[in-house]
Protein chains: 2
Amino acid sequence: MGTVTKALELLNLFTKGRPLIGLSDLARLADLNKATCYRLISELCDFGLVEQIGTAREYRLGPAVLRLSALREAQVPTREAAMPVLQALAQKTGETAHLSLLMGSELHTLGFAYSTGHMTRVTMEDAEVLPFHATSSGLVVLAFQPEAFRETVLAQPIPRLTGRTETAPQALRARLAEVRGQGFAESRGAFQAEVHSIAVPLFDALGRCTGAVAVAALASRMSEDQRRLIRFALASAGSEITSLWGGTLPADIATLWRLAA
Amino acid sequence: MGTVTKALELLNLFTKGRPLIGLSDLARLADLNKATCYRLISELCDFGLVEQIGTAREYRLGPAVLRLSALREAQVPTREAAMPVLQALAQKTGETAHLSLLMGSELHTLGFAYSTGHMTRVTMEDAEVLPFHATSSGLVVLAFQPEAFRETVLAQPIPRLTGRTETAPQALRARLAEVRGQGFAESRGAFQAEVHSIAVPLFDALGRCTGAVAVAALASRMSEDQRRLIRFALASAGSEITSLWGGTLPADIATLWRLAA
DNA sequence: AACCATCGGTTCAAATAATAAACCGACAAG
DNA sequence: CTTGTCGGTTTATTATTTGAACCGATGGTT
């Protein structure tokens with residue numbers, strides 16, 4: 001593994017739940033020698049991707065990420081373009097809408113929007129990792145990846161997250177084939193027990209699936225009528241975001257979505 | 001220089017004006033061997049910090065920067081916290097307000113707000129580099145850096161950008177001392193000929209100056225009254241942002257700003 | 001106070017990973 | 001058909017990275 005990759009993996013150790021990390025912890029978490037870790041994190045620090053704060057000298061993500069993000073959004077307004085669609089989707093369905101993007105080999109939440117319609121709602125966090133096998137977004141993105149990628153994911157440990165999580169690779173393969181045939185995916189409490197969600201895939205200019213948009217609702221509110229409404233709204237949001245991104249919807253998906261409507 | 005730093009410097013080559021770069025260009029710009037450059041950019045690509053697009057296989061900043069930025073803002077809402085203050089500042093002064101942050105050894109624009117008061121305005125770009133010697137933000141940030149940093153900057157080539165750009169290191173040193181004595185800095189057409197601007201420093205929790213907030217106006221509108229108004233609004237915005245960031249205003253600055261008001 | 005563990009950071013010989021130059025096939029212009 | 005460029009690959013050589021031991025500082029325990 002290259003030195004650069006090792007350094008970048010240090011960045012992945014910073015999460016919502018663990019925003020500050022000391023040098024020794026960092027070395028342990030990354031399974032690196034302390035000296036190595038120190039050199040790497042120092043270089044990240046010099047660049048501003050991480051910064052060191054306080055008396056405990058802990059590290060956290062630095063301001064340079066903001067600058068890079070501003071540049072990226074100026075060129076490719078991925079998040080900015082999708083957010084209004086997401087908000088409209090949340091409003092139309094009365095539930096929580098969220099957007100996720102495939103980054104490397106992980107699916108990350110990039111943004112979400114709440115509805116003002118109900119007192120209870122599914123809450124989300126930005127920048128969290130979504131498991132491929134247990135979320136509607138994960139399933140739908142995985143379903144539309146090249147087979148090699150699918151098998152790599154299925155070859156990894158598949159944790160049971162709730163009583164309704166499917167963990168058998170063979171069953172998941174069948175599930176993914178079904179998703180490809182439908183043009184959307186559904187999760188019924190496989191990630192969090194009370195949450196049902198439906199997701200549709202998003203595509204880039206080369207027709208590759210690079211993310212998903214989903215609606216997550218409390219299980220108790222997910223009637224058959226509501227399901228239909230959500231699927232319809234999702235199909236429309238999915239084509240809109242794909243088009244805003246300059247992507248192209250594969251012809252078969254467009255057909256599937258038209259039929260569903 | 002470490003391998004990681006070399007890789008990260010590749011990221012700095014992507015700018016507003018040059019968002020897409022091919023492998024050979026990248027190697028030339030970074031002054032790296034093509035093979036070296038390929039390895040480095042590939043690792044950045046694998047991580048998602050950079051992505052490769054189109055038929056020409058050019059590279060651009062990738063989606064991972066969005067995720068990191070979302071994490072950072074969740075922990076330290078630098079930009080998000082400052083933007084409302086910036087908007088109020090633009091409204092109050094009738095001119096363009098902007099925020100810049102010291103990242104590594106460069107000062108970058110992090111955000112800006114326009115006033116709706118005039119038909120003409122100073123326009124800004126996100127994520128652009130501000131020269132230390134020719135902008136009010138640059139001068140004020142440089143003035144409050146440790147001497148070693150100041151001298152490093154002054155030792156570098158100092159380009160003349162307009163007819164009114166001061167380029168003599170000795171004169172700049174005197175200018176910086178004056179800025180320290182005033183608690184704010186002013187640029188009269190030293191960056192762009194028709195633009196006058198005034199800036200105040202921002203401080204972190206350890207009392208280090210990490211950025212600046214500035215108001216940029218067309219020279220023709222910069223009367224003595226307007227100057228006073230802007231200085232007053234800036235002092236208030238400066239303390240507000242510093243405090244929102246959890247920073248502490250050095251006592252002497254607080255005094256200077258009180259006197260000016 | 002003495003002890004012990006841990007912290008962030010440093011040192012230096014030994015091991016490993018990065019590098020430069022040459023090369024590849026593909027493409028485009030002349 | 002030559003010439004130059006592109007993105008990408010290969011290889012022996014070289015320089016960087018690495019690991020273990022070591023610092024002084026800090027803070028809790030006996």
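In what follows, every chain begins at residue 1, and chains take the letters A, B, ... in the order their sequences are listed.
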The side chain of [X] is closest to which nucleotide in this list: [options]?
X       : options               : value
B:Glu43 : D:dG7, C:dA18, C:dA20 : C:dA18
B:Thr3  : C:dG9, D:dT17, D:dG8  : D:dT17
A:Ala35 : C:dG9, C:dT11, D:dT10 : C:dT11
A:Arg57 : C:dA21, C:dG9, C:dT19 : C:dG9
B:Leu23 : D:dG8, C:dG8, D:dT18  : D:dG8
A:Thr36 : D:dG19, C:dG9, C:dC7  : D:dG19

Taking atom types as they are modelled, would you say the side chain of B:Lys34 forms a donor-acceptor pair with the base of D:dG8 within the 3.5 Å cutoff?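 Yes, the side chain and the base share a sub-3.5 Å donor-acceptor pair.
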Would you kindly give the [atom1]-to-[atom2] distance between [X] and [N], to the nearest whole Å?
X       : N      : atom1 : atom2 : answer
A:Ile41 : D:dT18 : CD1   : P     : 14 Å
A:Asp25 : C:dG9  : CG    : P     : 13 Å
A:Gln52 : C:dG8  : CD    : P     : 9 Å
B:Leu40 : C:dA20 : CG    : C1'   : 13 Å
B:Asn33 : D:dT14 : CG    : C1'   : 13 Å
B:Lys6  : D:dT17 : NZ    : C1'   : 12 Å
A:Asp31 : D:dT18 : CG    : P     : 12 Å

One pair to check against side chain to side chain contact (heavy atoms under 4.5 Å, CB included): B:Asp25 and B:Arg28. What are the steps and the verdict? CA-CA 5 Å; B:Asp25 280 342; B:Arg28 264 189 298 273; 2.8 Å; yes
Matching residue for A:Leu110 among A:Val213, A:Leu86, A:Leu99 - test: side chain to side chain contact (heavy atoms under 4.5 Å, CB included):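 For A:Leu110, the side chain to side chain contact (heavy atoms under 4.5 Å, CB included) test succeeds with only one of A:Val213, A:Leu86, A:Leu99, which is A:Leu99.
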Please report the shortest heavy-atom distance between A:Thr3 and B:Glu43, naming the atom on each side.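 For A:Thr3 versus B:Glu43, the nearest heavy atoms are N-OE1, 4.3 Å.
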Does a side-chain N or O of A:Tyr38 approach OP1 or OP2 of C:dT10 to a distance below 4.0 Å, or not?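 Answer is yes, contact under 4.0 Å.
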Considering heavy-atom distances to DNA chain C, does A:Val4 or A:Ser24 have its closest nucleotide positioned more toward the 5' end?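 It is A:Ser24 whose nearest nucleotide is closer to the 5' end.
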If we check side-chain hydrogen bond (donor to acceptor under 3.5 Å, both in side chains) with B:Arg67, which of these qualifies: A:Asn12, A:Asp126, A:Thr109?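 Among A:Asn12, A:Asp126, A:Thr109, the one that satisfies the side-chain hydrogen bond (donor to acceptor under 3.5 Å, both in side chains) with B:Arg67 is A:Asn12.
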Mark yes or no for whether B:Gln145, through its side chain, and B:Cys209, through its backbone, hold a donor-acceptor pair below 3.5 Å.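 Looks like yes, one N/O pair under 3.5 Å.
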